[in-house]
Amino acid sequence: MSLRLTNTLTRRTESFQPLVPGEVSIYCCGVTVYDLCHLGHARSYIVWDVLRRYLIWSGYRVKFVQNITDIDDKILQRAAKEGRSMQEVSESNIVAFQDDMAALNILPPDRVPRATQCLDAIRAMIGELESSGAAYSADGDVYFAVMGQPDYGKLSGRSLSEQQEGASGRLNSEEESRKRHPFDFALWKGVKPGEPSFPSPWGPGRPGWHIECSAMVRQELGNTIDIHLGGADLIFPHHENEIAQSEAANAEPLARFWLHNGMVNVDGEKMSKSLGNFTTIRSLLASGVSPMTLRLFVLQAHYRKPLDFTREALDAAATGWHGLNEALQLGLNPTFTAALRWGAAAAAAQPAPDPDPDFGHGHDVGLETSRQGFIDALDDDLNTSAALAVLFELARPLRALARRLERGSEASGEDRALQGRWQLLQQLSGVLGLELEASPSSAAEAAIGPEPEVIQALISERLAARQQKRYPDADAIRDQLRADGIELIDRPDGGTEWIRR
RNA sequence: GGCGGCAUGGCCAAGUGGUAAGGCAGAGGAUUGCAAAUCCUUUACCCCCAGUUCGAAUCUGGGUGCCGCCUCCA
């Protein structure tokens, strides 16, 4: 079996084969940088990051382009409100966006074109569309004429005739009156007083929203790309219009596969900047939600379905990630690897660039089954939920082992034999971008709570109480330490360990 | 009004014809002075009605509820 993806264009799940064998070209619609990114953006980019990592892991050479819209009405509004220039607003939000993406372990795109840096390509394409009659200019604006495109609406499943009535009610603004058809959209907007502008054959102004993507795709990746990505809210009008422009200009299909991710909902409603019901990525991270928890939260649902954002679901993901993290610690924590005699090879193991076809041959057959289960899951239209189930099953004994070692147990020969399982878990987790984080007992958290000397003193006190069978006193000490986040573990040999929780 | 999607246990969520993955939470047992951890066991009339079929959560028709897009939005 091979990768199958649900293509919005055909409304079917189809077998994916790139145009050029071994190479995949991907364009992903990026953000308009007028504000910080929220969980909805995180979902989208996490999901596409997994697609990209999976393709790379499968052996493809992937070229991944993602734009940044740095000129737009909203940015101008924000700039006016804050007394800053459009560039200042864009720049600060671009930096914040890139920080957020890095924090979420999302691979940076190969190319990140910005609208303001692609004006030549944009103007060239508008010029072509105007010359061919696909677009027309009107009072310094240039509009795309949808009536000239017989297949307009093929992505979103709308027909112009059916939509006309509903749309006619919006013919009120000055801009609308310049359009020949209500669905016509601006390729170039003539400058208005007080706005920044760029020169063009149609007079000073700035590009419309949709044209930048068409121009960038052609410039960076060519006329036809393998996969075009974006949120489901972009299907209409943005992607529909991209198709119209690109295909009118190039006379070739824009993209072979159109993939769209579902929205993040809050109380059953879409999280969005305009509704104001959003939680930004950085506020989530600042509130103590780990990046990997966020990834797990997102990947537990199928990418095309709506995902409800609730505190409970996030907490469940945090606990779930904690368990996976414990298993991943096993091969990367020097104390554990020493106990298991796994050696440097284990610590150095990284996700392999390709699936190892020999894996499992002469090894644990169960591991090969797991590996294949993981591949089958992702091949099935990126069923990350099913892929995670494989990871959790791989992790279960590793996690148990890590906990036993943490509590001072000796490693058995059987434990040492789990190295291959750990390596597979690490490799597959990496495909989902789930990677080890500092353990909770890291230096930062160790600074909180009682000093080790104090704890030891209390443990001694408790030991005395236990020896005298004054159990209520002993338990009082346990409870007191627990309130301070310290858990006591009595070992069979009579010793007492403690860990911070 | 038009187009599209969704409804699975306490919560989240896979599963598209052969009686239901996984995560979180819960219960019982073993073990422990008590704990912790570990191990074992365990928790589903798949929104409703009708139909197709030997057999349906899964297909068809109808109904109900919810959501997205049709204006900027990942």
Inset, instruction - Give A/I235 one of three labels, base, sugar-phosphate or nothing, depending on what nucleic acid heavy atoms sit under 4.0 Å from its own. - result: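 Contact class for A/I235: none.
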No-H, no-angle donor-acceptor pair, [X] side chain to [N] base, under 3.5 Å:
X: A/K74; N: B/C72; answer: yes
X: A/R478; N: B/A35; answer: yes
X: A/D490; N: B/C34; answer: yes

Inset, instruction - Choose from B/A14, B/A74, B/G23 the nucleotide whose nearest atom is closest to any side-chain atom of A/M263. - result: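 Within the option list, the nearest is B/A74.
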Inset, instruction - Give the nucleotide from the list B/G4, B/C72, B/U38 with an atom nearest to the side chain of A/R11. - result: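 It is B/G4.
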Legend entry - Flag for A/T69-A/E212: side-chain donor and acceptor within less than 3.5 Å: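 Yes, side-chain donor-acceptor contact under 3.5 Å.
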Inset, instruction - Please determine, by modelled atom types, if A/Y27 and A/N67 share a side-chain donor-acceptor pair under 3.5 angstrom. - result: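 Checked: A/Y27/A/N67 side chains pair up, N/O donor to acceptor below 3.5 Å.
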Legend entry - Over-ring placement of A/R4 relative to A/F16, 6.0 Å and 45° cut-offs: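 No cation-pi geometry.
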For [N] versus [M], give the span between their [atom1] atoms, rounded off to a whole number of Å.
N: B/G26; M: B/C11; atom1: C1'; result: 12 Å
N: B/A44; M: B/A20; atom1: P; result: 10 Å
N: B/A21; M: B/A30; atom1: C1'; result: 28 Å

Legend entry - Point-to-point distance, once rounded to the nearest 0.5 Å, from CG of A/L229 to NE2 of A/H260: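 The NE2 atom of A/H260 is 8.5 Å from CG of A/L229, to the nearest 0.5 Å.
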Legend entry - Whether A/Y471 stacks on the six-membered ring of B/G33 base, 5.5 Å and 30° limits: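 Ring-base stacking flag set for A/Y471 and B/G33.
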Inset, instruction - Hey, which sits more toward the 5' end of RNA chain B by its nearest nucleotide, A/S156 or A/L488? - result: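 Here A/S156 is the residue nearer the 5' end.
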